[in-house]
Amino acid sequence: MFMRFKMRSALKTIKASGVIASDEIISSFDPDVLSALEANNCIDIQYADNRPYFIYYRNEAINYILARSEVWTNRVLGFILGVISSLIVKFISSL
């Protein structure tokens, strides 16, 4: 769960700049987060000397963001509808 928050934060930072080439900024990212974002086609990474040299934001990242928000929306709606349906069943059974 914490990894998802780190991924979202890194993605926002990368999206704000489009291309990141500063060594200080790139080194501030967790390598696992960068690998996960690259695996989900959210970013492209160019390597030089076995370390990230450029990080590019990909337009496909919006699909990742929408999919994650859709998952949480479905969870919240499912919980609310489950509570409402259990209250309706209790009310009907008490009649």
Side-chain angles (χ1 to χ4, degrees):
M1 178 73 116
F2 187 64
M3 179 74 156
R4 296 273 183 207
F5 292 124
K6 290 168 65 174
M7 287 173 66
R8 186 171 176 91
S9 173
L11 196 56
K12 283 183 180 181
T13 303
I14 295 167
K15 182 180 179 182
S17 62
V19 176
I20 295 180
S22 170
D23 288 336
E24 297 165 359
I25 296 174
I26 290 175
S27 63
S28 68
F29 292 123
D30 183 3
D32 294 333
V33 171
L34 291 178
S35 297
L37 288 173
E38 188 176 27
N40 284 304
N41 294 324
C42 296
I43 60 172
D44 284 327
I45 302 175
Q46 286 187 349
Y47 292 92
D49 299 330
N50 293 327
R51 61 186 182 96
Y53 189 68
F54 284 111
I55 300 175
Y56 299 96
Y57 179 79
R58 295 186 68 186
N59 290 334
E60 289 85 9
I62 193 68
N63 296 335
Y64 170 78
I65 294 169
L66 290 175
R68 294 309 310 160
S69 64
E70 182 181 345
V71 167
W72 279 103
T73 303
N74 288 341
R75 288 176 182 168
V76 169
L77 284 176
F79 175 76
I80 292 171
L81 291 175
V83 170
I84 289 172
S85 65
S86 67
L87 293 175
I88 290 173
V89 167
K90 283 186 177 184
F91 176 74
I92 291 174
S93 66
S94 68
L95 293 176

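- Residues Tyr57 and Leu11 are in side-chain contact: their nearest non-hydrogen atoms beyond the backbone lie under 4.5 Å apart.
- No more than 12 heavy-atom neighbours from other residues, nucleotides or ligands sit within 6.0 angstrom of OH on Tyr53.
- Distance check: Lys15 NZ to Thr13 OG1 gives 12.0 Å after rounding to the nearest 0.5 Å.
- Separating the CD1 atom in Ile43 from the CD1 atom in Ile55 is a distance of 5.5 Å, to the nearest 0.5 Å.
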Can I get a per-line list of side-chain donor-acceptor pairs under 3.5 Å for residues 29-36, giving both atom names and the distance, sequence neighbours left out?
| residue | atom | partner | partner atom | Å |
| --- | --- | --- | --- | --- |
| Asp30 | OD1 | Asp32 | N | 3.3 |
| Asp30 | OD2 | Lys6 | NZ | 3.0 |
| Ser35 | OG | Pro31 | O | 3.0 |

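- Residue pairs meeting the salt bridge (charged side-chain N to carboxylate O under 4.0 Å, His left out) criterion with at least one partner in residues 38-57, sequence neighbours excluded, are Asp23-Arg51, Asp44-Arg58.
- The two residues Val83 and Ser86 have their closest heavy-atom pair at O-OG, 2.8 Å.
- Around OH of Tyr47, the count of heavy atoms belonging to other residues, nucleotides or ligands within 6.0 Å exceeds 12.
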